[in-house]
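To find a chain, count down the sequence lines: A is the first, B the second, and so on, and within it residues start at 1.
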Protein chains: 2
Amino acid sequence: MSRRSGILEFAVLGLLREAPMHGYELRKRLNTSLGIFRAFSYGTLYPCLKTLVANGWLIEEPGNAPEDALAASLAGRRAKIVYRLTAEGKEHFEELLSHTGPDSWEDEHFAARFAFFGQTEREVRMRVLEGRRSRLEERLEKMRASLARTRERLDDYTLELQRHGMESVEREVRWLNELIESERAGRDQRSSSESTAQQDNTPGATGGLPRHKGAESSGGTPPDDSTPPDPSDDPAK
Amino acid sequence: MSRRSGILEFAVLGLLREAPMHGYELRKRLNTSLGIFRAFSYGTLYPCLKTLVANGWLIEEPGNAPEDALAASLAGRRAKIVYRLTAEGKEHFEELLSHTGPDSWEDEHFAARFAFFGQTEREVRMRVLEGRRSRLEERLEKMRASLARTRERLDDYTLELQRHGMESVEREVRWLNELIESERAGRDQRSSSESTAQQDNTPGATGGLPRHKGAESSGGTPPDDSTPPDPSDDPAK
DNA sequence: ACTAGCATGTAACCAGTTACATGATTAA
DNA sequence: TTAATCATGTAACTGGTTACATGCTAGT
């Protein structure tokens with residue numbers, strides 16, 4: 001289960017970059033807003049936050065609500081802890097953002113990267129999208145090969161399963177094509193207006209994504225599992 | 001990572017039901033023919049085979065190739081071990097085949113179930129397909145809800161990710177609809193001819209799947225990860 | 001003779017979950 | 001006052017991988 005925690009680190013840094021938050025909220029955002037990755041438990045999240053603090057990338061602050069600050073000053077009160085990104089943390093995150101190793105094209109990793117495309121340079125976005133695409137194309141190649149090899153030995157259902165799997169991958173490739181296409185178009189179109197973006201906390205202009213009709217569906221890789229009914233989340237029983 | 005080993009057990013039993021095999025081959029089939037689940041390492045497979053043997057569901061036999069049998073009879077020769085399903089093993093597998101708990105609609109579990117639909121009773125197939133569908137519909141509901149809640153706070157890329165994710169799920173629902181549809185059609189059409197099936201080792205008639213043009217793509221849930229470059233598979237380095 | 005792939009195994013390790021402990025706050 | 005949800009933590013466990021050890025067999 002290689003380096004899934006790396007994804008957590010990345011996502012935490014990314015979310016905190018937008019605004020300071022406490023652990024609990026962080027976790028919610030991790031499942032919902034970026035509902036991509038299958039949820040991490042608190043048993044993973046809190047220790048992770050600890051190490052990020054130890055690295056100097058975050059600092060713990062008492063909750064900012066006035067009553068909290070007050071209450072926290074009193075005897076052994078357990079206060080909410082708000083995590084804020086430090087300058088080094090921000091720097092580190094930017095560093096991570098600009099990296100584009102083969103890892104970045106792997107399913108969950110890719111989803112995490114994509115989720116922060118809003119703060120990613122256009123050329124990095126391109127590299128990630130293209131990397132992902134060729135990763136999927138390799139995959140397709142393997143699938144096709146293995147299918148060709150075994151086709152006749154397989155029963156209809158197995159075949160159908162295979163078919164549907166390949167189709168899913170092909171579909172993601174088409175999606176990536178569209179995205180790459182519109183990234184390219186974006187570069188041509190608005191090569192000048194670049195500096196006008198960057199308002200709010202969303203650096204790196206969003207430059208026209210392919211327009212889809214309604215506000216319907218979609219997400220990188222279909223979640224491994226919809227929010228596994230995490231017991232820490234659901235203290236019932 | 002609940003009960004992934006249960007999937008292994010199930011798949012091993014299912015594969016051995018078709019024909020006896022040794023561990024190495026078993027693993028290959030697990031990744032390729034049923035390329036659905038992300039591969040298990042030998043470190044998982046062999047111990048699993050051991051427990052299946054201990055349960056009396058499998059027996060170990062010396063490789064059936066004549067030279068093997070000969071060689072094995074000689075001093076401390078390490079022979080290939082071929083695993084064969086016992087009567088109890090077969091019974092147990094049939095038992096598993098007929099179970100349809102909520103587990104069966106989970107991603108990897110479902111894929112495993114589907115891969116053995118060829119040996120599954122039609123009504124069980126229906127239950128599994130329908131269960132899976134409603135599982136996905138729940139998922140969609142949650143996604144839609146969370147999207148509605150957070151829509152305005154999200155940037156274009158996050159939104160696009162969400163959209164694509166939902167679309168993937170919707171697509172799988174449509175796929176299930178087709179399958180359910182054709183299962184139903186199959187029942188009506190050929191309600192009499194049932195007994196003619198059951199030749200070979202493939203019980204439970206295959207009754208017309210939806211016909212797809214070429215021999216293109218497809219598979220349950222897009223694999224978590226294409227065969228992680230398992231070092232035990234690839235002793236290079 | 002050598003490499004690559006076939007084949008079986010295991011012990012050490014590790015990431016991440018489970019289950020638990022604790023307590024505050026808010027709504028019924 | 002109770003239940004639910006917010007909120008933070010940790011120790012124990014465990015599923016599964018990694019890395020290693022061993023040796024056969026076929027092709028070059």
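- Closest approach of B:Ala11 to B:Leu30, counting heavy atoms only: CB-CD1, 3.8 Å.
- For the pair B:Glu25 and B:Lys50, nearest-nucleotide mapping onto DNA chain C gives the more 5' position to B:Glu25.
- Distance CD (B:Glu60) to C1' (C:dT8): 11 Å, rounded to an integer number of Å.
- Counting to the nearest Å, the P atom of C:dG9 and the NE2 atom of B:His22 are 12 Å from each other.
- Both A:Gly6 and B:Tyr46 sit near DNA chain C, but only B:Tyr46 has its closest nucleotide nearer the 5' end.
- When the nucleotides D:dA7, D:dT10, C:dT8 are ranked by their closest atom to the side chain of B:Ile81, C:dT8 comes out on top.
- In the set C:dA7, D:dC6, D:dG16, the nucleotide with an atom closest to the side chain of B:Arg4 is D:dG16.
- A:Lys80 has its NZ atom 11 Å from the C1' atom of D:dT5, to the nearest Å.
- With distances taken from any side-chain atom of A:Tyr83 to the nucleotides D:dG9, C:dG9, C:dC6, the minimum falls on D:dG9.
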Residues 47-57 of chain A side chain polar contacts: donor-acceptor under 3.5 Å, at least two apart:
| residue | atom | partner | partner atom | Å |
| --- | --- | --- | --- | --- |
| A:Thr51 | OG1 | A:Cys48 | O | 2.9 |

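- OP1 and OP2 of C:dG9 both lie 4.0 Å or more from every side-chain N or O belonging to B:Tyr42.
- One finds the NE2 atom of B:His22 at 13.5 Å from the CD atom of B:Glu60 (value rounded to the nearest 0.5 Å).
- Terminal axes of the helix from C:dA1-D:dT28 to C:dA28-D:dT1 (five pairs each, C1' rotation axis) are separated by 30°, to the nearest 10°.
- Considering only the side chain of A:Ser41, C:dT17 comes nearest among D:dG16, D:dT10, C:dT17.
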Quick one: do A:Glu172 and A:Arg132 satisfy salt bridge (Lys or Arg N to Asp or Glu O under 4.0 Å)? Show the steps, please.
CA-CA 10 Å; A:Glu172 193 181 337; A:Arg132 173 69 176 170; 2.9 Å; yes
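- Taking the six-membered ring wherever Trp is involved, the centroid distance between the rings of B:Phe116 and A:Tyr157 does not fall below 6.0 Å.
- Protein atom OH of B:Tyr24 is 9 Å distant from nucleotide atom P of C:dG5, rounded to whole Å.
- Counting to the nearest Å, the C1' atom of D:dA7 and the CG atom of A:Leu49 are 13 Å from each other.
- Every salt bridge (charged side-chain N to carboxylate O under 4.0 Å, His left out) that A:Glu130 has, sequence neighbours left out, goes to A:Arg184.
- To the nearest angstrom, P of D:dG16 lies 11 Å from CD of B:Glu9.
- Closest approach of A:Leu15 and A:Met21 over heavy atoms only: O-CE, 3.6 Å.
- Between B:Thr44 and D:dT17 there is a side-chain N or O to OP1 or OP2 distance below 4.0 Å.
- The separation between B:Phe40 atom CZ and D:dG15 atom P is 12 Å, rounded to whole Å.
- Distance CG (B:Leu45) to P (C:dC6): 15 Å, rounded to an integer number of Å.
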